[in-house]
Each structure stands twice: as C-alpha cells, then as structure tokens.
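Data block below; observations after.
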Amino acid sequence: MATVQILNTLTKELELLKPREDEGKKLSLYTCGPTVYAYAHIGNFRAYVFEDLLQRHLQERGFTVRRVMNLTDVDDKTIRGAHAAGIALGDFTRPFKEAFFEDSKALRLLPAEAYPEATDAAQIARMIAMIGTLMEKGHAYLAEDGSVYFRIASFPGYGKLARVDLENQRSSQRVASDEYDKEAVADFALWKAWVPEDGAVGWESPWGRGRPGWHIECSAMATGLLGETIDIHCGGVDNIFPHHEAEIAQCECVGAKPFVRYWMHCAHLMVEGSKMAKSAGNFFTLRDLLDKGWTGREVRYALISVHYRGALNFTMEGLGAARTALGRLDAWRERLHETAGSETAAETSDPATEGFFAALDDDLNISSALAVLFETLRESNRRMDLGDEGKLSPAQARGLLNWLARVDGVLALEPEASQSIPPEVEELVAARAAARAAKEWKKSDEIRDQIAALGWLVKDTKDGQRISKN
RNA sequence: GGCGGGGUAGCCAAGUGGUAAGGCCGGGCUCUGCAAAAGCCCCAUGCGACGGUUCGAUUCCGUCCCCCGCCUCCA
C-alpha cells in the first residue's frame, strides 16, 4: 500500500502519515477557511487548492477523508464592513459566502463535509463552554475591560509549533498600540467584551455580552465536528503564529489530548515578484482573473503546479504557461481517445506512470508528478506518430486513458465537458468535408467562416476536421 | 533581535555524493490548399559567493552575500 509522507510543521520532519489506531483508513482534516469580509483572493485560494490536492491524493491512496472548513463571519473586519455598509452583519457576509462557494467550484475544489460558521448558535455555545472550562481550570481570566483572555503562562507548551520563545519576541507596533487590561501582552482574547462599535453584534455569555475571539472559533469548530484530536490541520504559514499556536493552547488545556497530529502549512504567494497588496495594484481575486478571460482551471493549474511549501510567484506569464500546457494535455487526451477508439480492454503500457502518484506520496511533490505526466505524454505521442512498428495500440491508449482518469481525480485539470455540437454546425461540417474532398477550397473556407459565425472553431488535422467552441 | 522559507537556464521549477527532471518562451523540422493548431527534435560543463572534506559536490561542512515571510487576530 501506498505510503504517504508529509512534512509536519510541529516536528519539522517528514513523517509517514498513519491514521490512528482503530480508525482504519479514516483521516480527519481541518482547514482554516476564509473570513468573509471581502472576496477571497488568489493567495487564499492557493491554500485551498493545496488542501484540495492533499485531500484528493489521500483519497486516491485509499483514505477516507473527513474535511471541515470554517467560515469566519464575525470579527473586526466583518463588523467594520457591515457598519460601513449600514447593514446587518449577516447581510454583509452572505454575498461573500456565496461568492466563496462559486469561486471554489470554479477552481474545482472538492466540497468539505461541513462549513461551520462562527455565528452559528451551536458553535457560539460550544465556544462559550470551552471558555468556561478554561476559566475553571485557571487557563483564562476575566479582565477589567470585560474580556476574557487566555493565560499563556499557564500552558508550558505554548510556542511549540512556531518555536517561539516569548522572552525573545520583539514587540511590534501593533502590540504597543493595544491597550489591553491583560496580565501579559501575549495573552490573547477568548471572548471580546461588547463595545459600541459592535452595534447589534453580540451574544450573551457568563462574562457579559460580547463575541468570540478568532482562535477559539477554530478550536471549537474543529474539535466539535472532528473530535478532540484531529489528524491533519492545514493553513497558510502566517497562521502558524499566533493562530494555530493559540488553537493548540486552547484545545489542549480544555481536553488533555493532543489537538493535532500533523500540521501542514503552505507558503505565501507573490504576484509578479512582489508581495500581493491592494496598494501595489497587484491584488487579485479569482473573479478579477475570470474577468480578464482566464478560466478557473487555468488558475487552478497555476496555483497547483508549484510545491505548496515554496513561495509561488503568480504571474500573467505563468497563467499563459498554464494555458499552453493545458492545451497540450487536452490535445493529447483527444489523440488518445482517437487511438483507443472503441477498445475497452486496457493494457497497462507503462509502469512508469505509477511514478506520478509516488511523487505525490513524497510530501506532494507536484513538480515531479507533473514531470511524469508530461514525459508520458511525450512518449506516447511519439508512439502515436509511428507507422506500424511499435505504434501505440488501442488497448495501450485505453490503459493510458484509465491512468489519466486517476490523474484527473487528483489534479482535476480535465477540460470542461465539451458542449455538444449543434445540428446546424454538424451539417456545415459535413458539407465542408464534402467540399474539401472535392478540393473546392473557396467553398471550404466560406463554410469555415459560417461555422465561425456560429461560434465554433474548425481546425483541419491529418485525421479530418476538429470542432471546438470558440 | 528571534524564528521560518528560499537563491538551479530568458521565466517558472524538481532533484541527486558521480556528473543537471518537467513546464513556458525561443530555434529547427514534420504535417499542411490556406488558416489555426498539433507532433517530434534542440536549447544550463552549469546549480548565489568563497573556502574545506572527497577519487569526485550543485548535492556534505564552514564563512559570507542576497531575497521573502512571521513575531498577536493577513492563506
């Protein structure tokens, strides 16, 4: 059986991924989701695409993956946005939630089993219960400002994920500007007391009206839906500290069990060599790119084709490269179909193709995996170019198509289901074929123009006309 | 200052103690009435710099240079 190895941020080592005892081949996966105060940008989606690749590969390897992704729909930004728009929080976040799911679909992300929302009453109740337990155990305290804070000094394990030593932290300007009534500057909020700016946003709690802190939200949803110990928890590197560190502290102080067995973090994305920022004018949401004419699958290719732990330099040139590469794959796929014809018996023609999955077993080495894909493409094209001697057989083509179906299950880069060709176009194509047979080139060109006017593109190949949507 | 990730051909990017995958671009050829595609081939004596270890280093060790990120709520 396959052995999937991943780099665990907690240990910094490549580890064999093993389900827990008595869990069979089940794995739980928690992925930090978007804060719905704006459209998610491609940096966010880089993380989600990485998580999707992980899930798909694990499934290809026979694991049953239970994945949960949260939606943060209450925090400073969402409250500020709703206030600025003069509408209720829920009305402000709803369109962004919907957009997130649309974008996810465009990028072919597998849906999670659940998308818990921070404002959900059941989740709020769970957060309050967790905070209560932390209070009872002395891991939290109510400060004079009415907020509840986590007492970091009470948890010796704090800093184990990010390898931070609080003594050595340089205080940043952000900390300096905070005027909290905390015992220690590093203590973080579990429950934020209501302030006038919160308006109608707030929930009653044993500590008064307020709202949950960001970290407790993920802790509550993750353990609530997936159990006290989660197998894999993913996110961007920027979440390592303090977010994930805080999640560990909260969960491991509430329960006594390890919170997460394997942590995985993806690196950031840059745009045209610079940090993506609105002020730099290189900030893209998925819809920005779709508006420019790129497709979801092209963006997916661009995001997936760089190893998740390396910084990804997202460029228009890179998108162009994605488009070209996908075009080659599409053409190859069509050729394989033509060669396979109606042959159903599959011959496994190239054992090297297993290398694709073996590469992904190695901490999702996508570059090596894609290399196998393209090497297979070139080798089989070479054989389809041949005369009779050594030519790729229909059964071998079928074998490659079967393999490609498995590859698609992981990469999800197959072309959009081709639209069926309308009858009037079919007729024109047939007429053109007849004209070509008679070498009536002028007529052939006229028909090609007519077909183009209907929105279809015709290309002449060695094997006849090929029609595609323009 | 602390912690982490990087520097491999024009661009993107794997990888290994034994002489550099793959993608894009570019060049050549094939196919071709035209057009548009596509296919095949070629394209780093070189892997940030300098030392060291070694029969041999891009890969190990040391020193240094540069880039990026995090250091309290940004994937």
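FYI, side chains are in, hydrogens and waters are out, and symmetry mates aren't considered; it's all heavy atoms of this structure. To find a chain, count down the sequence lines: A is the first, B the second, and so on, and within it residues start at 1.
Map A/Lys439 and A/Ala267 each onto its nearest nucleotide of RNA chain B; the residue landing nearer the 5' end is A/Lys439.
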Atom pairs and distances, side-chain donor-acceptor, residues 30-37 of chain A, under 3.5 Å, sequence neighbours left out:
| from | atom 1 | to | atom 2 | distance (Å) |
| --- | --- | --- | --- | --- |
| A/Tyr30 | OH | A/Asn70 | OD1 | 3.2 |
| A/Thr31 | OG1 | A/Arg67 | NH1 | 3.4 |
| A/Thr31 | OG1 | A/Val68 | O | 3.3 |

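Distance A/Glu245 CD to B/G4 C1': 13 Å, rounded to the nearest Å. Residue A/Ile152 contributes atom CD1, which lies 13 Å from atom P of B/C73 at whole-angstrom precision. In this structure, A/Leu319 places its CG atom 12 Å from C1' of B/C24, rounding to the nearest Å. Following rounding to the nearest Å, A/Asn70 (CG) and B/C73 (C1') show an atom-to-atom distance of 13 Å. Distance CE (A/Met276) to P (B/A75): 10 Å, rounded to an integer number of Å. In this entry the distance linking CG of A/Leu326 with P of B/C24 reads 10 Å, nearest Å.
If you take atom C1' in B/C34 and the same atom in B/C47, they sit 47 Å apart, rounded to whole Å. Distance noted for atom C1' between B/A37 and B/A75: 38 Å (whole Å). For the C1' atoms, the distance linking B/C70 with B/U8 amounts to 26 Å, nearest Å. When the P atom is compared between B/G15 and B/G28, the two are found 34 Å apart, to the nearest whole Å. Separating the P atom of B/C11 from that of B/C60 is a span of 24 Å, rounded to the nearest Å. Taking the C1' atoms as reference points, B/C71 lies 31 Å from B/C12, given to the whole Å. With both ends at atom P, the span from B/A36 to B/U45 equals 35 Å, rounded to whole Å. The same atom, C1', is picked in B/A13 and in B/U53; the two are 30 Å apart, to the nearest Å.
Counting non-hydrogen atoms under 4.0 angstrom, A/Asp445 reaches a base of the nucleic acid. Within the nucleic acid shown, A/Asn365 comes within 4.0 Å of sugar-phosphate atoms alone, with no base atom in reach, counting heavy atoms only. Here A/Leu373 lies out of heavy-atom contact (under 4.0 Å) with every strand. Nucleic acid contact class of A/Gly235 (heavy atoms, under 4.0 Å, all strands): sugar-phosphate only. Among the heavy atoms of the strands, none lies under 4.0 Å from A/His215. Heavy atoms of A/Ser444 sit under 4.0 angstrom from at least one base atom. A/Asn381 comes within 4.0 angstrom of the backbone, heavy atoms only, and of no base. A/Ala371 comes within contact range of at least one nucleobase, with a heavy-atom separation under 4.0 Å. Nucleic acid contact class of A/Arg46 (heavy atoms, under 4.0 Å, all strands): none.
Applying the 4.0 Å criterion to OP1 and OP2 of B/C74, one finds that A/Lys77 has a side-chain N or O inside that range. Residue A/Asn313 has no polar side-chain atom (N or O) positioned under 4.0 Å from OP1 or OP2 of B/C11. Phosphate contact (OP1/OP2 of B/G39, side-chain N/O of A/Arg328, threshold under 4.0 Å): present. Taking only side-chain nitrogens and oxygens, A/Arg383 never comes nearer than 4.0 Å to OP1 or OP2 of B/G39. Close to B/C74, at under 4.0 Å from its OP1 or OP2, lies no side-chain N or O of A/Thr35.
A salt bridge is absent between A/Arg432 and A/Glu440; no separation between the charged side-chain nitrogens and carboxylate oxygens falls under 4.0 Å. Taking a cutoff of 4.0 Å between a charged side-chain nitrogen and a carboxylate oxygen, A/Arg382 and A/Asp385 do not qualify as a salt bridge. With salt bridges taken as basic N to acidic carboxylate O contacts below 4.0 Å, none links A/Glu102 and A/Lys97. Looking at A/Arg297 and A/Asp330, a side-chain N of the basic residue comes within less than 4.0 Å of a carboxylate O on the acidic one, giving a salt bridge. For the pair A/Glu338 and A/Arg335, the salt-bridge criterion is not met [side-chain N within less than 4.0 Å of a carboxylate O]. Salt bridge A/Arg211/A/Asp198: present, at least one basic N to carboxylate O contact under 4.0 Å.
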Please enumerate all protein N or O atoms sitting under 3.5 Å from an N or O of nucleotides 28-30 of chain B, with distances to 0.1 Å.
none

N/O to N/O distances under 3.5 Å, protein versus nucleotides 7-10 of chain B:
none

Under-3.5 Å N/O pairs linking protein and nucleotides 35-37 of chain B:
| from | atom 1 | to | atom 2 | distance (Å) |
| --- | --- | --- | --- | --- |
| B/A35 | N6 | A/Asp460 | O | 3.3 |
| B/A35 | N1 | A/Asp460 | N | 3.2 |
| B/A35 | N3 | A/Arg448 | NH1 | 3.2 |
| B/A36 | N1 | A/Asp460 | O | 3.2 |

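Residues forming a ring-ring contact (aromatic ring centres under 6.0 Å, His included) with A/Tyr308 (at least two apart in sequence, or on another chain): A/Phe50.
For the residue pair A/Val372 and A/Gly355, the shortest heavy atom distance occurs at CG2-C, 3.9 Å. What you find for A/Leu370 and A/Ser305 is that their closest heavy atoms are CD1-CB, 3.8 Å. Among all heavy-atom pairs drawn from A/Arg46 and A/His268, the shortest one is NH1-O, 3.2 Å.
Pairing partner, B/C25: none, since no Watson-Crick or wobble contact has both distances short of 3.5 Å. Here B/A38 sits opposite B/U30 as a Watson-Crick or G-U wobble pair (both hydrogen-bonding atom distances under 3.5 Å). B/G46 is unpaired under the criterion used here, namely a Watson-Crick or G-U wobble arrangement in which both key atom distances are under 3.5 Å. When both pairing distances are held under 3.5 Å, B/C70 makes a Watson-Crick or G-U pair with B/G2.
At least one donor-acceptor pair closer than 3.5 Å links the side chain of A/Asp73 to the backbone N or O of A/Thr119. Side chain of A/Asn239 to backbone of A/His244: no donor-acceptor contact under 3.5 angstrom is found.
A/Trp191 is listed as a side-chain neighbour of A/Trp203, based on a closest heavy-atom distance under 4.5 Å.
Screening residues 299-323 of chain A for salt bridge (charged side-chain N to carboxylate O under 4.0 Å, His left out) gives A/Asp52-A/Arg300, A/Glu298-A/Arg323, A/Arg309-A/Asp363 as the qualifying pairs, with residues at least two apart or on separate chains.
Below the 3.5 angstrom threshold, one finds a donor paired with an acceptor across the side chain of A/Lys192 and the base of B/C73.
By the 5.5 angstrom centroid cut-off and the 30-degree plane limit, A/His268 is classified as stacked against the base of B/A75. Residue ring and nucleobase are not stacked for A/Phe374 and B/G22 under a centre distance beneath 5.5 angstrom and an angle between planes beneath 30°.
Each of B/C40, B/G15, B/C24 was ranked by its minimum atom distance to the side chain of A/Thr324; first place goes to B/C24. Listed candidates were B/G15, B/A75, B/C40. Nearest to the side chain of A/Leu377 is B/C40. Set against B/A75, B/G22, B/G23, the side chain of A/Tyr48 has B/A75 as its closest nucleotide. The side chain of A/Glu375 has B/G22 as its nearest neighbour among B/G22, B/G69, B/G39.
A/Arg126 and A/Thr223 form a side-chain donor-acceptor contact under 3.5 Å, judged by distance and modelled atom types alone.
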